Novice: 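Handing you this structure, nothing more for now.
Counting starts at 1 for both ligands and their atoms, in listed order. This structure is a prediction, so every number in the text was calculated from the model and none was measured.
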Amino acid sequence: MRSGNGRTGGVVDDGNSGRTGHTDRAARRDEAVRAAVEQGLLGPELPIAALLDVTGIRESAAELRAAFEAVTAPGTPVLHAFAVKATPLVPVLRLLREEGLGAEVASPGELALARAAGLPPDRTVLDSPAKTPAELLEALALGIAVNVDNPQELDRVDALMASATSRSPVGIRVNPQVGAGSIEALSTATATSKFGVALRDDGAREWVVRSCLDRPWLTRLHAHTGSQGVPLSLMAEGVAETYALAEEINRRAGERRIDTIDIGGGLPVNFTSDEVTPTYAQYARVLREAVPGLLDGRYGLVTEFGRSLLAKHGTVVARVEYAKSAGGRPVAVTHAGVQVATRTVYAPGAWPLRIAAYDGKGRPKSGPEVVQDVAGPACFAGDLLATGRALPLLEQGDYAAALDTGAYYFAHHYAYNSLARPGIYGFAPDGGGGVAFATVREPQTVREIVAESGGAHATALTALRNTPTD
Ligand SMILES: *Cc1c(COP(=O)(O)O)cnc(C)c1O
């Protein structure tokens with residue numbers, strides 16, 4: 001798929017600042033929206049599509065690698081395991097694999113996606129608070145890294161390790177209990193978080209130390225304390241606590257028993273502009289300040305970033321089906337709502353999204369800003385992408401784009417009103433001044449919706465009532 005659009009300008013990026021490439025990114029997005037309309041990925045019969053900026057994803061992966069290379073001693077093994085949860089799409093995992101990243105998985109489905117993308121076991125990490133015996137067995141048989149969540153899970157792993165040998169590095173997930181960020185539902189390091197071993201609870205820290213001293217194969221510690229809303233300093237505090245625990249274990253073991261620390265992910269994302277802030281480089285510097293020993297080459301590192309790698313590279317574009325007015329407020333009824341922006345619709349205060357307005361040809365809309373609502377297609381009043389937002393007036397046949405939706409949005413479909421999963425397309429320059437698209441995920445068909453909704457079992461319930469008894 002090609003288009004003849006010339007690329008519009010861009011800013012030379014210094015590869016270093018928080019403003020890296022942000023003007024370029026916006027220009028690429030505008031071109032992609034126009035090309036998607038021109039090339040028929042969007043239109044009256046295809047009123048919603050999601051776009052992924054391949055150039056931007058590669059840039060973020062490179063920034064992540066460079067940030068940790070800049071602060072770690074030469075030769076330090078570092079695995080950046082992308083949190084598959086954030087964007088569970090096989091072509092995305094494959095792209096990141098090519099960029100040198102691995103995968104952090106937390107369910108049989110996510111592990112299958114990582115394997116389908118060709119991620120090797122030594123670049124895969126399994127976390128999850130609810131691993132079944134079968135999942136543990138599979139992970140240990142494959143040799144992928146496993147982070148044990150709790151004492152009951154360690155019992156299971158003990159039994160499996162006693163009956164077979166495994167190449168899997170095994171760690172324990174700890175919760176340093178350093179406190180919450182601004183979004184309670186996403187704060188993993190509170191006193192009562194459901195994840196990992198709560199280090200400050202009575203006897204817990206000593207249990208972790210003893211567990212490691214007793215098992216030569218327990219060689220890692222894992223903590224994932226960041227997330228949207230958590231400041232860098234608090235994230236670093238969680239990492240520092242984990243590092244201190246590793247040092248204690250190694251001191252008491254008299255050897256380097258813990259050889260790798262998995263610092264988790266959770267770098268917050270700026271949803272208010274195209275600027276990337278905070279950057280990986282800033283976080284890496286905060287870590288160097290707070291925990292220099294972690295980076296001096298004695299420990300291997302694993303990271304598990306998700307949202308920060310993908311969020312800014314995704315855009316969901318939806319056609320304005322109707323433009324109406326209610327109570328004096330203009331309302332654009334679009335095809336993007338709760339099915340692609342679930343968090344924003346149900347928790348608009350915590351998850352506001354930027355909206356960009358495009359005309360019917362996919363060109364950025366200009367004109368005076370008008371305060372309006374941008375609504376989705378679902379049949380409940382709260383299905384709104386944005387309320388009271390000042391934008392050029394959206395009219396019938398225009399497009400509204402929800403920005404920064406590359407993670408935890410359109411790849412996390414919510415099947416309200418049996419709305420179809422939109423197609424997802426990656427885009428990149430086509431080499432001839434235009435935009436090339438590649439299908440990442442086909443749009444879901446109505447036939448698939450019926451099949452996934454028990455279509456093959458249409459008479460299951462009526463037949464059950466009529467089953468004769470004897
Ligand atoms: C969700 C999660 C991540 C990724 O978090 P982001 O906020 O998307 O970076 C990493 N590790 C674990 C264990 C997680 O649960």
Novice: Could you go through D30 and Y358, starting from their C-alpha distance and side-chain angles, then the distance that decides it, and tell me whether this counts as side chain to side chain donor-acceptor pair (under 3.5 Å)?
Specialist: CA-CA 9 Å; D30 287 349; Y358 296 92; 2.7 Å; yes
Novice: Can you tell me how the ring of F305 sits relative to the ring of F68, calling it parallel under 30°, perpendicular over 60° and tilted otherwise?
Specialist: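 The rings of F305 and F68 sit tilted, inter-plane angle from 30° to 60°.
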Novice: Salt bridge or not between R200 and E241? Use side-chain N to carboxylate O under 4.0 Å.
Specialist: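 Looking at R200 and E241, the cut-off is met.
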Novice: N/O to N/O below 3.5 Å, does that happen between E304 and ligand 1?
Specialist: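 So ligand 1 has an N or O lying under 3.5 Å from an N or O of E304.
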Novice: What is the distance from atom CZ of R319 to atom OH of Y399, rounded to the nearest 0.5 Å?
Specialist: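 R319 atom CZ to Y399 atom OH measures 4.5 Å (nearest 0.5 Å).
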Novice: Does R354 count as lying over the ring of F271, i.e. NZ or CZ under 6.0 Å from the six-ring centre, within 45 degrees of the axis?
Specialist: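 Negative - R354 is either too far from the ring of F271 or too far off its axis.
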Novice: Examine the proximity of ligand 1 to E104 and report which part, side chain or backbone, both or neither, has a heavy atom under 4.0 Å away.
Specialist: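 Side chain only.
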Novice: Please report whether ligand 1 has a polar contact with A86, defined as an N or O pair separated by less than 3.5 Å (distance criterion only).
Specialist: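 For ligand 1, there is no N or O atom that lies under 3.5 Å from one belonging to A86.
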Novice: Just to check, does Y408 reach to within less than 4.0 Å of ligand 1 when the distance is taken from its heavy atoms?
Specialist: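 Yes; Y408 lies near enough to ligand 1 that a heavy-atom distance drops under 4.0 Å.
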Novice: Is it the case that ligand 1 has an N or O less than 3.5 angstrom from some N or O of G266?
Specialist: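 Yes; at least one N/O pair falls below 3.5 Å.
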Novice: May I ask you to identify, for K85, whether its side chain, its backbone, both or neither come under 4.0 Å of ligand 1 on a heavy-atom basis?
Specialist: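 The part of K85 near ligand 1 is the side chain, not the backbone.
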Novice: Can Q228 be said to touch ligand 1, with heavy atoms closer than 4.0 Å?
Specialist: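 Flag not set, Q228 not near ligand 1.
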Novice: Taking only Lys NZ, Arg NE, NH1 and NH2, and the carboxylate oxygens of Asp or Glu, determine whether R298 and D259 approach each other closer than 4.0 Å.
Specialist: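 Salt bridge between R298 and D259, a charged N being under 4.0 Å from a carboxylate O: no.
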Novice: Do any N/O atoms on D127 end up under 3.5 angstrom from N/O atoms on ligand 1?
Specialist: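 Among all N and O atoms of D127, none is under 3.5 Å from an N or O of ligand 1.
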Novice: Indicate yes or no: does an N/O atom of S308 lie under 3.5 Å from an N/O atom of ligand 1?
Specialist: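 Between S308 and ligand 1, no N or O pair is found under 3.5 Å apart.
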Novice: Check the pair Q177, D201 against side chain to side chain donor-acceptor pair (under 3.5 Å), reporting the backbone distance first and the verdict last.
Specialist: CA-CA 9 Å; Q177 291 166 299; D201 285 10; 3.0 Å; yes
Novice: Using a 4.0 Å cutoff against the non-hydrogen atoms of R307, which atoms of ligand 1 qualify?
Specialist: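 Answer for ligand 1: 6 (P), 7 (O), 8 (O), 9 (O).
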Novice: Distance under 4.0 Å to a non-hydrogen atom of R173: what atoms of ligand 1 satisfy this?
Specialist: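 Near R173, meaning under 4.0 Å from one of its heavy atoms, ligand 1 has 13 (C).
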Novice: Between R29 and D53, does any NZ, NE, NH1 or NH2 come within less than 4.0 Å of an OD or OE carboxylate oxygen?
Specialist: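 No salt bridge links D53 with R29.
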Novice: Under 4.0 Å from a heavy atom of A83: which atoms of ligand 1 are those, numbered in the order shown and with their elements?
Specialist: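 Under 4.0 Å from A83, ligand 1 has these atoms: 3 (C), 4 (C), 10 (C).
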